[in-house]
2 protein chains.
Amino acid sequence: MLDSVPDSAVDPEAASPPRIAGAGVASLHGTLLAQLRDYVVEGNLAPGARVPERLLCERFGISRTPLREALKVLASEGLIDLLPNRGARVRQLGPDEMVALFDVMGGLEALAGRLACEKITEAGFAEIERLHHEMYAAYLRRDLHGYFAGNQAIHDRIVEAADNEPLRTTYANFAGRLRRVRYAANLDKDRDRWGEAMREHEEILDALRRRAGPELSDILFRHLRNKRRAAAVRETATAGA
Amino acid sequence: MLDSVPDSAVDPEAASPPRIAGAGVASLHGTLLAQLRDYVVEGNLAPGARVPERLLCERFGISRTPLREALKVLASEGLIDLLPNRGARVRQLGPDEMVALFDVMGGLEALAGRLACEKITEAGFAEIERLHHEMYAAYLRRDLHGYFAGNQAIHDRIVEAADNEPLRTTYANFAGRLRRVRYAANLDKDRDRWGEAMREHEEILDALRRRAGPELSDILFRHLRNKRRAAAVRETATAGA
DNA sequence: TCGCGCAAAAATGAATGCAAATTTTTGGTC
DNA sequence: GACCAAAAATTTGCATTCATTTTTGCGCGA
């Protein structure tokens, strides 16, 4: 078989792999992949709609081979479905799938919180604290957009503070899958949930300040559970733009 | 018909009936992907070694196009690295990467335990209890192989009981990435760790019996942490077989 | 009018071909 | 004998081409 690989014994090239290929490779294929992923995540295609190979080829100025490679990757990421001999479809989330994805997000955030408590620096915490106060200000003035921006920034910083590359990648993947779920509108009407979320964030900041890993982990999971409960169970169905 | 296919290559009856896609792929591409993934995970290629396209094409009796598609997917799964213009390499885990992967595994198991407490049936629990006693018996008679088999079966059942498809997939992915890390030998020498692991499993079963989700979650994460500590920080470097 | 069947057209999946880049080999120089 | 440069050979990346499947369009008959 393949046992005739004598160079592996010497392995001169394995000694110098300074490349950090973990998340994104900077090659042409990586570029196209990122572009196409954004194109899907941003909602340029309707959920359940066919992914038109030909059109996308013209759109990105490439042939079908690299495009199909990217589609296979996107399918493995759960963004699209590949039906044998029937092409690719934008994955459409049913209620059950959405619940499952939210739970995994909760587990990942819980993990991130725990690790962050172990690794975060004082400066890193100060930055999160600052974002928290910004978000609180947005909450007070009923600035939904500002609140959500701050909220997402805080959660991203916690994942960053966890300093774990596979976690970062996996988290980004699930966040992308759930990006199309809209819940802002609901929060707008559900004033109670908004206040509750704000209180939960107070707890989050407090636990993080005390570096209470397991406690923060639990708070974050429940936080995501509540977020899910408040979320609309319906994806955005609009395609264009 | 195909004009010039190597006689020994193709095995048409290997084509399985068209399963519903849902989440997993069931086509020819899916078959090849699973085969290639197993081929890599099983350790047929040395870590850091080149993945020879040509040879694998002959090995699986296909052309380069589907093989390269599969390689792209494997790269997105973190099993191999893709270096621009320089081919694919089997990903080699450094100590830091191994630690990071173990932590994510811990987070996933913690999540699985929490969800399992919510969803597991009495029959499901009874099955895990049975496996636990089997494992304990193996522990008593110092049957390392039997112990590990039972251990893995229990953890798999917990993930199954969580009844969350994305979690299952992600868990399988990380388990595959860590498959090459060998720690059995260490456990054999570290009698203390073995007893400690057994005690932790008692706690796991107890928490699961009481459906104490957050508690089980915490136990499982710490269990994985301890497992990591006992693990060899070195991958198996052998290629063949 | 509606359904059925058949043929044309489009799309998918995979193989082959070709240019660019890399690795290896060869030859020359100090 | 070691080191460096240039050319050959291999490999990679992508485009193009081919066979098969699916979908569409249309005519026919009940």
Side-chain angles (χ1 to χ4, degrees), chain A residues 2 4-8 10-17 19 21 25-36 45 48-76 80-90, chain B residues 1-7 9-12 14-18 20-21 25-36 45 48-76 80-90:
Chain A
L2 302 177
S4 60
V5 190
D7 52 298
S8 65
V10 183
D11 238 3
E13 55 258 347
S16 61
R19 168 164 298 280
V25 207
S27 66
L28 180 83
H29 163 260
T31 306
L32 169 69
L33 181 60
Q35 278 185 300
L36 190 59
L45 267 39
R50 282 178 81 124
V51 179
E53 284 189 8
R54 187 72 57 178
L55 276 179
L56 291 178
C57 285
E58 298 171 7
R59 178 86 166 66
F60 294 106
I62 50 163
S63 80
R64 284 177 57 219
T65 306
L67 182 89
R68 287 170 54 76
E69 288 173 355
L71 287 178
K72 297 285 198 297
V73 174
L74 259 46
S76 91
I80 62 176
D81 286 323
L82 248 38
L83 289 76
N85 289 321
R86 284 196 198 169
R89 294 260 152 95
V90 178
Chain B
M1 289 302 184
L2 301 171
D3 44 11
S4 64
V5 171
D7 39 11
V10 191
D11 207 18
S16 46
I20 298 302
V25 265
S27 61
L28 179 86
H29 162 262
T31 306
L32 169 67
L33 180 61
Q35 279 184 298
L36 190 58
L45 267 41
R50 285 180 76 131
V51 179
E53 284 188 7
R54 179 76 57 168
L55 280 178
L56 289 178
C57 286
E58 297 172 6
R59 177 81 168 66
F60 293 106
I62 52 166
S63 77
R64 285 178 53 218
T65 304
L67 182 88
R68 287 170 54 78
E69 289 172 354
L71 287 179
K72 297 284 200 296
V73 174
L74 260 46
S76 90
I80 62 177
D81 286 323
L82 248 38
L83 290 77
N85 289 321
R86 291 177 61 186
R89 297 272 157 99
V90 178

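The chains referred to below are lettered A, B, ... by the order of the sequence lines, with proteins before strands, and numbering in each begins at 1. Because the structure is a prediction, the values reported are computed rather than measured.
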(request) Report the distance from atom CG of A:Leu67 to atom CG of A:Leu36, rounding to the nearest 0.5 Å. (result) 6.0 Å
(message) Rounding to an integer number of Å, can you tell me how far A:Asn85 CG sits from D:dT21 C1'?
(response) 5 Å
(request) Take the protein atom CZ of B:Arg64 and the nucleotide atom P of D:dT11, then report the distance between them rounded to whole Å. (result) 10 Å
Pairs: protein N or O with nucleotides 7-10 of chain D N or O, under 3.5 Å:
none

(message) Under the rule for salt bridge (Lys or Arg N to Asp or Glu O under 4.0 Å), what residues qualify as partners of A:Arg50, not counting sequence neighbours?
(response) none
(message) Which heavy atom of A:Leu32 sits nearest to which heavy atom of A:Pro66, and what is that distance?
(response) CD2-O, 3.6 Å
(request) Would you mind reading off the distance between B:Lys72 atom NZ and D:dT12 atom C1', rounded to a whole angstrom? (result) 9 Å
(request) State whether B:Arg86 places a side-chain N or O below 4.0 Å from either non-bridging phosphate oxygen (OP1 or OP2) of C:dA21. (result) no
(message) In this structure, how many angstroms lie between the P atom of C:dA15 and the CG atom of B:Leu32, rounded?
(response) 10 Å
(message) Given D:dT17, D:dT23, C:dT16, identify the nucleotide with an atom nearest to the side chain of B:Ser63.
(response) C:dT16
(request) Take atom CZ of B:Arg89 and atom P of D:dT12, then tell me their distance rounded to the nearest Å. (result) 10 Å
(request) Determine the minimum heavy-atom distance between B:Leu83 and B:Arg89, stating which atoms define it. (result) CD1-CG, 3.7 Å
(request) Look up atom NZ in A:Lys72 and atom NZ in B:Lys72, then write down how far apart they are to the nearest 0.5 Å. (result) 11.5 Å
(request) Rounded to the nearest angstrom, tell me the gap between atom CG in B:Leu67 and atom P in D:dG13. (result) 12 Å
(request) Can you tell me the distance, in whole Å, between the CG atom of A:Leu82 and the P atom of C:dA11? (result) 17 Å
(request) Measure the CG-CG distance between A:Leu71 and A:Leu33 for me, rounded to the nearest 0.5 Å. (result) 9.5 Å
(message) Between C1' on C:dA14 and NE2 on B:His29, what's the gap in Å once rounded to a whole number?
(response) 12 Å
(message) Near DNA chain C, counting only heavy atoms under 4.0 Å, which residues of residues 50-59 of chain A show up?
(response) A:Arg50, A:Glu53
(message) Test of understanding: with salt bridge (Lys or Arg N to Asp or Glu O under 4.0 Å), list the residues that count as partners of B:Arg64, not counting sequence neighbours.
(response) B:Glu53
(message) What's the closest nucleotide to the side chain of B:Pro66 if the choices are C:dT23, D:dA15, C:dA15?
(response) C:dA15
(message) Quick check: do A:Leu74 and A:Leu82 have side-chain heavy atoms less than 4.5 Å from each other?
(response) no
Donor-acceptor list for residues 54-62 of chain A side chains, cut-off 3.5 Å, not counting sequence neighbours:
none

(request) Looking only at side-chain atoms of A:Thr65, point me to the closest of D:dG13, D:dT17, D:dA15. (result) D:dA15
(message) From the set D:dG13, C:dA14, D:dT23, return the single nucleotide nearest to any side-chain atom of B:Arg68.
(response) D:dG13
